[in-house]
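What follows is one structure encoded as structure tokens, with my remarks underneath.
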Amino acid sequence: MRAFAERLIAHETLRDNASGNKTPLAILVDDRLRPHLRTLMGNVGFRALLSRALALASAEVPWLRAVHVKADGALEGLDEFGAPVQPTALFEGSVVLLAQVLGLLVAFIGENMTLRLMREVWPKLTFSGLDLGAGDTDEKKQIVRLNANRQKKP
Amino acid sequence: MSRPARVKIRSLPTGVRGLDDILGGGIPEFSFNIIAGPPGSGKTTLAHQIVFANATPKKPALYFTVLGEPALKMLRYQQQYSFFDESKLGKAVRFINLSDVVLDKDLDAVLEEIIQQVTAIGPGVVVVDSFRTVVRKAVAGASELEMQSFIQRLAQFLTSWEATTFLVGEYVPEEMRDNPIFTVADGLFWLSQVPERNSVVRKLQIIKLRGQESVPGLHTVRISTSGLQAFSRTLGLTGQKIRPKRRHRLSIGIPELDTMMGGGILEGDSLLVAGPSGTGKSALATQFIAEGLRHGEPGIMAIFEERPKGYTDRAGDFGLNLKTPQEQGKLEVLYLRPLDLSVDETMQEILDAIERVGAKRLVIDSLLGFEMALAPGFRTDFRESLYRMIAALTGAGVTILSTVEVEDKFTEMSLSHYTISFLTDDIIRLRYVEIDSQLRKMMVVIKMRGGNHSKDIREYVITNKGVVVIHPRTTDYEGLTTGIPTRTGPRPAQKEEAAPEPKAKR
């Protein structure tokens, strides 16, 4: 699950490298998950799911404790904490949060249906399971490169 | 001058077994329908079945959820049903949550959102679940006229966009009079759960269906892992009867009894074997089935009082092998789940089994067990239901042997407490008779609708070969039918008795 989430976050990071204004976490929540999941479960349902995932993720990633889910389902607190948090930590926090969202979805509706939802969110990505194994090779290489670059940054 | 052709209304399948027949062919295309009923009656499951039966990527289904059951939970539970096809999600079946619009805005906004989605997607089927929630919100914030206008606009829009619509809601029958939704609706599907003593029976009524002749009345519904299944109250009364004109006589597996019956039981007849406990009704029924199997006639045994293994093992004690034909698919022993059945469900199970094995012979053992297996409410209609069931099964060309337990009275000989003997073509009565300080068994053929039969009262025993008729008619007694006959002939010398009927060995 973690590897799958990592792949999705890396994909977002690669895709939105040019814009650079939003954190991967903000992109993930505002632009990807929220529009799709809100259509299915409504704002209240999406907020509930994201809040639970955030609570679970905060236990593992302390800086996420400062982040909150707003009434419209967006995350707040990212601006204040986005800058001081190291890019690597920001990346890891996003991965953990997404993994928790995925974990909750799998618990509620099963792996197959979660995958279907994720395919709707990321229609251009190919995956056959909630792991990295099914990704295409070029993308994997890119993720490896990206991770290596992050490690080099202070 | 020829009249212009009338519009042909296409029917959509419901995906619910039995329901298309009840509806008179299916759901009229482009109709505007209500699925109503109390919580837990299967409304959402019915809506899902219709959706999955009809949705295609080209003509998708839009499922609007509103406040009621959270979407994730709905998907969590609905995916447990076999009809739930995950591969249809996303492209063919789309779930859209309207809760935010309903909560934050007014009816116009709700309609606008529906119009926007329907216009963009062009669905063939639209569901709003629960529409009741939309109405509740509307009643709180809008006038009755606004509500009526909303429903009218919604119905007109969805019909114009060639969508068949289902509004799901928790309504009570009293609301039908004043609620405008029931006036606008083309179809009204009413689901209910009726408690009867400790049993609960699910029922469905098609209160209204424009343009089509549906079957009136309450129909039984069962919800299983396959979803809803409906059992028409006229199941079996429709369809072609295939009873042959020239009918063969079938051996019952007891040569002496065949002779008593004028050569055997007529193909397609219904035979009732009545007698008290222990007189060999089940043994006789088993012999009837085994004889059919010997002649290449597959069979079904619907048993209610004993589990199939015990039944099969006991047949083995009589030297009758029921295991191999079951393995070969020539015999099915149906053990029907007791206590909350309807006759229609039982009939459907039996009809399905008959079709599966191509059965020619059927045993129902016993009618009393069958009655006990029914939910209490169905027991009051047992005779009528039985009449329908026997007519349907014999109409399908199947020869039926039913057993019924009767209490032996030693003043008279009753046939059965159901007074159902008029339902059967042939009757064999088994009973105990006290002779020489022994409780012996005798049988008599009471009735053979298709021809003449022996009037003899014959003694029989149950051995390790099953029921065996042992003696010719005796003229040494009179009053045998009372169970306490009077000897009129000479009394032979009595000797100490060896058991006249050794028990079958296990």
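To find a chain, count down the sequence lines: A is the first, B the second, and so on, and within it residues start at 1.
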Can you list the residues of residues 75-99 of chain B that sit under 4.5 Å from chain A, counting heavy atoms only? Leu75(B), Arg76(B), Gln79(B), Phe84(B), Glu86(B), Ser87(B), Leu89(B), Gly90(B), Phe95(B), Ile96(B), Asn97(B)

Do Asn43(A) and Asp104(B) make a side-chain contact, defined as non-hydrogen atoms from C-beta onward lying under 4.5 Å apart? no

Taking every non-hydrogen atom, the tightest pair across Asp100(B) and Val44(A): OD1-N, 4.0 Å

Checking Leu49(A) against chain B: side chain, backbone, both or neither under 4.5 Å from a heavy atom? side chain

Within 6.0 Å of CZ in Arg116(A), more than 12 heavy atoms from elsewhere: yes

With only heavy atoms counted, which part of Ala48(A) is less than 4.5 Å from chain B, the side chain, the backbone, both or neither? neither

Neighbours of chain A found in residues 50-62 of chain B - heavy atoms under 4.5 Å: none

Where does Leu105(A) contact chain B at under 4.5 Å (heavy atoms): side chain, backbone, both or neither? side chain

